[in-house]
Amino acid sequence: MNNNILIEDFINGIPKVELHLHIEGTFEPELMFQIAKRNNVSIKFNSVRELKDAYSFNNLQDFLNIYYEGANVLLTQQDFYDLTNAYLEKIHSQNVHHCEIFFDPQTHTKRGVNFETIISGIHEALVQAKEEKGISSNLIMCFLRDMDIESAFNTLEEAIPFKNWIKGVGLDSAEVGNPPSKFKDVFDRARAAGFITVAHAGEEGPAEYVRQALDLLKVSRIDHGNKSLDDDKLVDDLVRLKMPLTICPLSNHKLRVVADLKNHPLKKMMDRGLAVTINSDDPAYFGGYMNENYNAIANALDLSKEDIYTITKNSINASFISDSDKLIMHQKVDNYMEHNK
Ligand code: ADE
Ligand code: ZN
């Protein structure tokens, strides 16, 4: 028993599960420049420093502009492998044991990159991480909500031959003006094909979008969901449904969803009975991976070890792994808690 362990050490050591992570958002500037060079693609910025200096955002769209710009240098299967592998090495050093990874095929297919090239590179890195590091994973394919539904349907068709590699579908990109209702038909088709569904909702958009994600897209998790708190009846329903929210503290701060992490609603959400989880979203752009996100919010809200324990347990329950694998993860976390109270 180690009664004196600091909250930071406790967080860094506890086995964690990540549920909200865009692989394109893990593109570190150094790797971006390296891949741009080998692909002979130019970048708008002259140096890593200049690029990093541009990482100052007033809202989601500001960020998305740079995020899509960065993704433009990804062309080959090797590029997608290297990108995914770098993320997996990083989380291995942070005691993340399982991750559920978003990828945005349309960002690449609209530039002429084949669907197979994208998914094969990502998949190869995931298989290798399971064998060599013991990290398990699921892939979630996101539709870009600022593109039309025909493009989403085409993307779903392209995914069908790789169905065994993809657990679910999601919805991301510019939220306001692109409600979940726009994608009801393609989500119906995806569920009929056997995909689990999730959606970004209530990040910048209203609580009504969270309601639509539940009722129309039949999601199993809400990504972000911050704006849910504006609607008491919605919160009651989310609690009753045990609907997980994938909260991303540093993202919320960088994109000004919250002005100050000290005002982040995460603890309020927990006290209301919501199943909150902590995740990194786009760590290369927002200043931190899982441990940095956990530590930042723990410091800002003075979270206890019990709070951290509860959140990691929520993440296991909210993941798309089998019940037997959940049991193994729960035992790891319980064992850690027992020895580090
Ligand atoms: N794509 C990558 N990160 C995103 C976010 N935080 N919200 C919506 N779309 C995204
Ligand atoms: Zn996201």
Side-chain angles (χ1 to χ4, degrees), residues 17-28 32 55-72 74 83-84 87 99-110 118 122 138-147 151-152 155 168-180 182-183 197-206 209-210 212-213 217 219-228 244-258 261 264 266 276-290 292-293 297 315 318:
V17 164
E18 169 137 78
L19 302 175
H20 184 152
L21 179 281
H22 302 263
I23 200 64
E24 293 88 352
T26 69
F27 208 0
E28 292 288 350
M32 195 184 292
Y55 292 179
S56 161
F57 315 112
N58 289 314
N59 53 40
L60 175 58
Q61 190 61 57
D62 264 5
F63 155 68
L64 290 172
N65 294 341
I66 284 203
Y67 164 86
Y68 292 129
E69 172 98 18
N72 279 342
L74 297 164
L83 176 70
T84 309
Y87 164 69
C99 56
E100 306 201 336
I101 298 180
F102 297 130
F103 72 117
D104 290 341
Q106 288 154 295
T107 300
H108 316 295
T109 53
K110 72 180 170 198
I118 305 162
I122 297 172
N138 283 317
L139 256 187
I140 300 174
M141 178 178 83
C142 282
F143 302 116
L144 299 185
R145 68 200 309 158
D146 43 1
M147 293 187 72
S151 175
T155 304
V169 300
L171 191 62
D172 66 2
S173 202
E175 185 181 11
V176 174
N178 295 297
K182 176 175 164 187
F183 294 93
T197 63
V198 298
H200 284 55
E203 181 184 17
E204 284 188 344
Y209 285 16
V210 178
Q212 287 184 14
L217 307 187
V219 295
S220 299
R221 294 196 295 250
I222 295 287
D223 295 313
H224 296 295
N226 299 50
K227 295 288 194 300
S228 307
L245 304 184
T246 60
I247 300 295
C248 306
L250 290 174
S251 166
N252 289 162
H253 188 224
K254 288 279 178 184
L255 301 186
R256 306 196 187 202
V257 171
V258 295
L261 269 189
H264 195 286
L266 178 130
V276 304
T277 65
I278 292 178
N279 310 276
S280 71
D281 205 2
D282 301 285
Y285 293 89
F286 300 148
Y289 290 76
M290 284 287 271
E292 290 81 11
N293 271 276
I297 196 75
S315 297

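All ligand and atom numbering here is 1-based and tracks the order in the structure.
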Checking Asn138 against Glu100: is there a side-chain donor and acceptor pair closer than 3.5 Å? yes

Tightest non-hydrogen contact, residues Glu203 and Leu60, listed as OE1-CD2, 3.6 Å

Note: Asp104, heavy atoms under 4.0 Å from ligand 1, region reported as neither

Note: Lys227 and Gly205 closest approach over all heavy atoms is CG-O, 3.1 Å

When Phe102, Tyr209, Phe183 are each screened for ring-ring contact (aromatic ring centres under 6.0 Å, His included) with His200, the one that passes is Phe102

The atoms of ligand 1 lying under 4.0 Å from a heavy atom of Phe63, numbered in the order shown, are 2 (C), 3 (N)

The atoms of ligand 1 lying under 4.0 Å from a heavy atom of Glu203, numbered in the order shown, are 5 (C), 6 (N), 7 (N), 8 (C)

Counting from 1 in the order shown, the ligand 1 atoms closer than 4.0 Å to a non-hydrogen atom of Asp281 are 3 (N), 5 (C), 6 (N)

the protein heavy atom lying closest to atom 3 (N) of ligand 1 turns out to be Asp282 OD2, 2.7 Å

Counting heavy atoms under 4.0 Å, the part of His224 that contacts ligand 1 is side chain

Of all N, O or S atoms in His20, the one closest to the Zn ion (ligand 2) is NE2

Below 6.0 angstrom between ring centroids: does that apply to His22 and Phe103?
-> no

Q. In terms of side-chain heavy atoms, does Glu24 have a donor or acceptor partner in His108 at a distance below 3.5 Å?
A. yes

Of all N, O or S atoms in His200, the one closest to the Zn ion (ligand 2) is NE2

Discussion item. Taking backbone and side chain together, does His224 place any N/O/S atom at a distance below 2.8 Å from the Zn ion (ligand 2)?
Written reply: no

On a heavy-atom basis, the closest approach of Thr277 and Ser315 is CB-OG, 3.3 Å

| query | Salt bridge check: are Glu204 and Arg256 linked by an N-O gap of less than 4.0 Å? | reply | no

Honestly, for Phe102 the part within reach of ligand 1 (heavy atoms, under 4.0 Å) is neither

Which of Asp281, Leu255, Asn58 passes side-chain contact (heavy atoms from CB on, under 4.5 Å) with Phe63? Answer is Leu255

So for Glu175 against ligand 1, with non-hydrogen atoms under 4.0 Å, the contacting part is neither

Between Gly70 and Tyr285 the two heavy atoms that sit nearest each other are CA-OH, 4.2 Å

Item checked: N or O pair under 3.5 Å between His20 and ligand 1 -> no

Per residue Asp281, nearest N, O or S atom to the Zn ion (ligand 2) is named OD1

among protein heavy atoms, the one nearest atom 1 (N) of ligand 1 is His22 CE1, 3.5 Å

ask   = Strictly under 4.0 Å, does any heavy atom of Ser173 approach an atom of ligand 1?
value = yes

